[in-house]
Student: 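Take this structure first; my questions come after.
Throughout, protein chains are lettered first and strands after them, A, B, ... in sequence-line order, and every chain is numbered starting at 1.
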Amino acid sequence: MEDLGKLINTRIEKINAIREMGINPFPYNYAITDFSADIKDNFDSYNKDNEEFKPVTVAGRIMSVRLMGKAAFCTIHDKKGNIQLYVAQKNIGDKYYDLFKILDIGDIIGVKGIVKKTQVGEITVYIDSLTLLTKNIRPLPIVKEKDGEVYDAFHDKELRYRNRHLDLIVTHGVKELFEKRTRIIKIVKRILDIKGFLEVETPILLPIYGGANAGPFTTYHNTLDMLLYLRISIEPYLKRLIVGGIDRVYEIGKCFRNEGMDRTHNPEFTMLELYQSYADYNDMMDLTEELFEDTCKELYGKTEIEFDGKTISLKRPWRRLKMIDAIREYADIDIESLSDDELKNIIKKHGGELKSAFVRGLAINEIFELLVEQHLIQPVFITHQPLETTPLCKVDYEDERYLQRFELFINGSEFANAYSESNDPVFQRKTLYDQSLRKEADTEASPMDENFVQAIETGMPPTGGLGVGIDRMVMLLTGERSIRDVLLFPTMKPEK
RNA sequence: GGGAAAGUAGCUCAGUAGGUAGAGCACCGCCCUUUUAAGGCGAUGGUCGACGGUUCGAGUCCGUCCUCUCUCACCA
């Protein structure tokens with residue numbers, strides 16, 4: 001680190017030298033009129049036969065310098081890309097050429113000039129004015145490039161995640177990836193807005209948590225002298241809004257689960273949850289297909305995407321398969337003909353485990369997760385989960401052992417989860433109460449939410465509800481295999 | 001939590017039998033007015049992730065720990 005200190009000190013001394021030249025190394029603004037990509041894309045409008053020129057003013061960060069005595073080429077990076085500058089002493093004068101010579105990679109400059117092609121045909125701004133806009137003092141990682149091939153890329157993932165500002169500057173495609181993430185979320189919102197869903201914001205700090213099976217984060221409010229939880233789902237509040245008559249409602253926001261971290265799990269992650277009155281889980285399937293297919297089509301103009309070396313087709317309709325039929329198809333097991341003990345043996349044999357006391361429905365779900373999930377590559381709605389898997393869903397009227405629920409699987413992992421929402425207040429009170437009693441044995445069971453149950457007692461219309469993991473959707477649509485690559489600032493342990 | 005791999009200069013990486021720590025780029029000095037991984041000459045720069053051990057001697061061998069990556073487990 002001492003060496004880095006030396007490098008930084010050298011640059012701090014340059015700041016003093018620049019001030020002694022009568023130049024402010026940190027001026028207040030700069031009127032940009034042009035951007036790199038626009039100049040390159042519309043060369044003809046900036047240069048007519050090398051005789052008529054439309055002057056440009058561009059600004060950006062110095063990414064490389066090739067200095068040759070009394071003239072230099074350098075490349076700057078602005079919000080639209082890179083462009084080369086030709087900096088000649090005779091064009092900008094001795095004083096500003098002296099300034100240019102002590103500038104570093106990482107400094108931000110503004111330049112004025114005319115656009116020409118060099119001998120080898122690269123569109124270049126031949127500058128006649130140089131303004132230092134910000135002096136850098138901390139060296140950037142140096143990334144080299146030739147013919148589109150990148151050398152010495154900023155590879156270290158830890159450094160990239162911890163220093164996303166550097167990653168955005170020097171790693172190709174990172175900025176574009178996060179722009180795409182934002183675009184995906186905007187498309188999803190637009191689709192929902194057009195359908196008449198109201199976007200809302202509900203509390204993240206809660207006195208009581210629920211809506212999912214997950215460990216919560218806790219925090220503390222000093223004035224109220226009380227423990228608060230960070231939400232693990234948005235469901236309990238959106239359902240209150242459904243009761244309140246906002247009959248199509250959604251929120252896209254952070255949820256927090258105090259659980260393990262891996263390639264597809266970050267402690268804080270972004271969920272879409274939506275609720276639609278007078279709809280059921282079939283309507284939610286249609287809507288889910290639409291959200292994924294239309295977003296993909298708008299991004300890429302097609303419905304096939306490459307992911308993890310596989311081609312995945314998001315073209316609707318997708319397959320709809322009952323959980324027990326999926327188990328029969330992929331594991332060749334006829335669940336309904338088997339005894340509890342036989343289910344236990346299957347789970348044991350495949351290395352699964354059951355929480356607390358044996359519950360047949362949870363065992364079936366476990367077998368599905370152990371034996372089927374990984375095979376579900378193309379989009380498929382797995383429906384009719386056993387009723388014990390959640391207390392918030394209506395049972396199917398054809399077979400009350402199973403739910404009107406689906407989970408969407410793509411490439412072996414879950415992307416969405418939806419119910420025909422339970423709105424029977426007597427049933428709801430009982431199941432939530434029963435679950436709260438299980439809390440001793442099952443740390444992920446939620447405590448009783450009295451206010452939520454009272455809302456349901458007020459009368460919630462028949463409602464379809466849908467939850468989509470936005471980060472995973474972004475991963476799918478960008479081809480990224482790690483959630484950390486679609487989060488600007490993934491959760492990291494502090495550096496020592 | 002298990003397994004595997006990794007951590008050496010600001011960045012990207014070498015470092016072979018345990019014997020004074022290397023390269024490219026960046027940075028510093030000099031030359032250079034069409035370069036583009038610019039080039040040439042020269043110089044600086046390191047607690048080899050941390051701590052302990054073995055040894056005359058450890059980047060290298062052993063142990064513990066830290067961080068990250070991959071993977072398995074866990075996970076609505």
Side-chain angles (χ1 to χ4, degrees), chain A residues 1-11 13-14 63-75 82 84-91 97 102 104-106 116-122 124 126 137-163 166 170-171 211-215 232-233 235 255 257-265 267 269 271 351-353 355 362 365 369-370 373 382 385 389-390 392-393 405-409 413-419 444 446 467 469 481-482 484 490 492-496:
Chain A
M1 288 302 140
E2 196 185 61
D3 181 47
L4 180 58
K6 248 184 228 170
L7 294 174
I8 288 175
N9 277 334
T10 303
R11 295 188 187 199
E13 282 163 20
K14 285 183 181 183
M63 300 305 290
S64 63
V65 178
R66 294 167 292 284
L67 185 84
M68 303 157 298
K70 296 190 171 62
F73 288 95
C74 88
T75 304
N82 292 319
Q84 179 169 266
L85 310 179
Y86 179 68
V87 185
Q89 185 171 29
K90 67 171 189 200
N91 292 340
Y97 198 73
I102 62 169
D104 294 291
I105 290 172
K116 290 186 190 174
K117 284 184 180 171
T118 62
Q119 283 179 357
V120 292
E122 178 160 352
T124 298
Y126 286 64
I137 62 168
R138 183 173 291 270
L140 252 45
I142 302 298
V143 176
K144 296 285 184 176
E145 195 179 347
K146 186 190 186 182
D147 301 331
E149 201 167 331
V150 175
Y151 300 80
D152 296 345
F154 188 40
H155 261 314
D156 189 317
K157 286 205 166 185
E158 179 176 0
L159 290 178
R160 290 181 52 209
Y161 297 145
R162 290 190 195 280
N163 301 284
L166 296 177
V170 305
T171 307
N213 294 328
I232 58 173
S233 86
E235 175 160 358
C255 291
R257 295 188 184 176
N258 205 339
E259 296 177 342
M261 295 166 61
D262 64 18
R263 203 164 52 74
T264 58
H265 294 82
F269 62 102
M271 283 264 285
E353 59 179 281
K355 288 172 196 156
L362 297 180
N365 194 52
E369 287 176 2
L370 285 172
E373 234 177 71
I382 297 297
Q385 283 71 5
T389 57
T390 171
L392 297 164
C393 184
R405 172 185 182 191
F406 73 78
E407 292 167 291
L408 166 63
F409 288 91
S413 61
E414 188 188 336
F415 278 74
N417 182 24
Y419 311 149
E444 290 186 349
S446 302
R481 294 190 65 239
S482 169
R484 299 188 136 193
M492 303 287 285
K493 282 193 193 175
E495 288 174 288
K496 279 188 304 163

Student: Is there a Watson-Crick or G-U wobble partner for B:G1 with both distances under 3.5 Å, and which nucleotide is it?
Tutor: B:C72

Student: Establish, with yes or no, whether the OP1 or OP2 oxygen of B:A38 is under 4.0 angstrom from a side-chain nitrogen or oxygen of A:Arg66.
Tutor: yes

Student: Taking atom C1' in both B:C48 and B:U60, what distance in whole Å separates the two?
Tutor: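 After rounding to an integer number of Å, I get 10 Å for this pair.
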
Student: What is the separation between atom CG on A:Leu159 and atom C1' on B:A6, rounded to the nearest whole Å?
Tutor: 13 Å

Student: When you measure from the side chain of A:Phe154, which nucleotide among B:A26, B:U12, B:U35 comes out closest?
Tutor: B:U12

Student: When we call it a touch if two heavy atoms are under 4.0 Å apart, what does A:Glu122 touch: a base, just sugar-phosphate, or nothing?
Tutor: base

Student: Quote, to the nearest angstrom, the C1' distance that separates B:U64 from B:C27.
Tutor: 38 Å

Student: Send over the distance from A:Tyr419 OH to B:A76 C1', rounded to a whole Å.
Tutor: 7 Å

Student: Just compare B:A76, B:C68, B:C70 and give me whichever is closest to any side-chain atom of A:Ser482.
Tutor: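 Closest of the options to the side chain of A:Ser482: B:C70.
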
Student: Which pair of non-hydrogen atoms, one from A:Arg257 and one from A:Ala214, has the smallest distance, and what is that distance?
Tutor: CD-CB, 3.5 Å

Student: A:Asn82: what forms a side chain to side chain donor-acceptor pair (under 3.5 Å) with it, not counting sequence neighbours?
Tutor: A:His77

Student: When the C1' atoms of B:C51 and B:A38 are considered, how many whole Å apart are they?
Tutor: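 Rounded to whole Å, the distance is 46 Å.
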
Student: Determine the Euclidean distance between corresponding P atoms of B:A50 and B:U8; express it in Å to zero decimal places.
Tutor: 10 Å

Student: Could you let me know what B:C25 is paired to, Watson-Crick or G-U wobble, both distances under 3.5 Å, or none if it's on its own?
Tutor: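 Because both required distances fall under 3.5 Å, B:C25 counts as paired with B:G10.
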
Student: Send over the distance from A:Tyr161 OH to B:U67 P, rounded to a whole Å.
Tutor: 17 Å

Student: For the pair A:Arg405 (side chain) and A:Asn417 (backbone), establish whether a donor and an acceptor sit closer than 3.5 Å, ignoring hydrogens and angles.
Tutor: no

Student: Rounding to the closest angstrom, what is the interatomic distance between B:G45 and B:U33 at atom C1'?
Tutor: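 Nearest-Å result for B:G45 against B:U33 at atom C1': 32 Å.
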
Student: Please work out if A:Arg257 contacts a base, only the sugar-phosphate, or nothing of the nucleic acid, heavy-atom cut-off 4.0 Å.
Tutor: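 Sugar-phosphate contact only.
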
Student: For A:Tyr126, check ring-ring contact (aromatic ring centres under 6.0 Å, His included) against everything at least two apart and list the hits.
Tutor: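 Once residues adjacent in sequence are excluded, the partners of A:Tyr126 under the ring-ring contact (aromatic ring centres under 6.0 Å, His included) criterion are A:Tyr86.
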
Student: Need one value for A:Gly211: base, sugar-phosphate or nothing, where a base atom within 4.0 Å counts as base even if backbone is also close, heavy atoms only.
Tutor: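 Base contact - A:Gly211 has a heavy atom under 4.0 Å of at least one base atom.
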
Student: Starting at the 5' end of RNA chain B and moving along, which residue's nearest nucleotide shows up first, A:Lys157 or A:His265?
Tutor: A:Lys157

Student: Just by protein heavy atoms under 4.0 Å, how would nucleotides 28-33 of chain B read 5' to 3' in B, S and -?
Tutor: S---BB

Student: Which atoms form the tightest heavy-atom contact between A:Cys393 and A:Tyr419, and what is the distance?
Tutor: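 Heavy-atom minimum between the residues: SG-CB, 3.5 Å.
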
Student: Counting heavy atoms from C-beta on, name the nucleotide in B:C68, B:G45, B:A37 closest to the side chain of A:Tyr151.
Tutor: B:A37

Student: Provide the closest heavy-atom pair for A:Ile8 versus A:Pro139 in the form atom of the first, atom of the second, distance.
Tutor: CG1-CD, 4.4 Å

Student: Only counting residues at least two apart or in another chain, list the ones meeting side chain to side chain donor-acceptor pair (under 3.5 Å) with A:Thr124.
Tutor: A:Gln84

Student: Let me know the distance between CD of A:Gln84 and C1' of B:A38, rounded to the nearest Å.
Tutor: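 From A:Gln84 CD to B:A38 C1': 11 Å.
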
Student: Tell me which nucleotide among B:C75, B:G24, B:C11 gets nearest to the side chain of A:Glu259.
Tutor: B:C75

Student: Select base, sugar-phosphate, or nothing to describe what A:Tyr126 touches, counting heavy atoms under 4.0 Å on all strands.
Tutor: base

Student: Can you check the A:Ile8 CD1 to B:G45 C1' distance for me, whole Å?
Tutor: 14 Å

Student: From CE of A:Met261 over to P of B:U67, roughly how many Å is that when rounded to an integer?
Tutor: 11 Å

Student: Less than 4.0 angstrom between a side-chain N/O of A:Arg481 and OP1 or OP2 of B:U71, yes or no?
Tutor: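 A:Arg481 to B:U71 OP1/OP2: side-chain N or O found under 4.0 Å.
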
Student: When rounded to the nearest Å, what value does the distance between C1' atoms of B:A58 and B:C70 take?
Tutor: 29 Å

Student: I want to confirm an ordering. Mapping A:Thr390 and A:Arg484 to their closest nucleotides on RNA chain B, which one lands closer to the 5' end?
Tutor: A:Arg484

Student: List the residues meeting side chain to side chain donor-acceptor pair (under 3.5 Å) with A:Tyr161, not counting sequence neighbours, and say none if there are none.
Tutor: A:Asp485

Student: Give the rounded distance in Å between these two atoms: CD1 of A:Ile105 and P of B:A26.
Tutor: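 From A:Ile105 CD1 to B:A26 P: 6 Å.
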
Student: Counting any heavy atom closer than 4.0 Å, what does A:Thr389 reach on the DNA or RNA strands: base, sugar-phosphate only, or nothing?
Tutor: base

Student: Which heavy-atom pair separates A:Met492 from A:Arg162 by the least distance, and what is that distance?
Tutor: CB-NH1, 3.7 Å

Student: Are the side chain of A:Asn163 and the backbone of A:Leu166 linked by a donor-acceptor contact shorter than 3.5 Å?
Tutor: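 A pair under 3.5 Å: no.
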
Student: Partner lookup for B:U64, please. Criteria are Watson-Crick or G-U wobble with both distances under 3.5 angstrom; report none if nothing qualifies.
Tutor: B:A50

Student: Classify the nucleic acid contact of A:Tyr97 as base, sugar-phosphate or nothing, counting any heavy atom under 4.0 Å across all strands shown.
Tutor: nothing

Student: What's the closest nucleotide to the side chain of A:Asn213 if the choices are B:U69, B:A76, B:U35?
Tutor: B:A76

Student: When you get a sec, tell me which of B:U44, B:G10, B:U12 is the closest nucleotide to the side chain of A:Leu7?
Tutor: B:G10

Student: Take atom CG of A:Leu166 and atom P of B:U12, then tell me their distance rounded to the nearest Å.
Tutor: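 A:Leu166 atom CG is separated from B:U12 atom P by 11 Å.
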
Student: Could you pull out all residues at least two apart from A:Glu414 that satisfy side chain to side chain donor-acceptor pair (under 3.5 Å)?
Tutor: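 Side chain to side chain donor-acceptor pair (under 3.5 Å) check on A:Glu414 returns nothing, list empty.
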
Student: Quantified in whole Å, what is the P atom distance between nucleotide B:U67 and nucleotide B:C74?
Tutor: 24 Å

Student: So what's B:U55 paired with, Watson-Crick or G-U wobble, going by both distances under 3.5 Å?
Tutor: none

Student: Looking at B:C74, does its base get a donor-acceptor pair with the side chain of A:Asp262 below 3.5 Å?
Tutor: yes

Student: For A:Gln119, report the nucleic acid contact type (base, sugar-phosphate, nothing); a contact means any heavy atom under 4.0 Å.
Tutor: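 A:Gln119: base contact, heavy atoms under 4.0 Å.
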
Student: For the P atoms, the ones on B:C68 and on B:U54, what distance do you get once it is rounded to whole angstrom?
Tutor: 32 Å

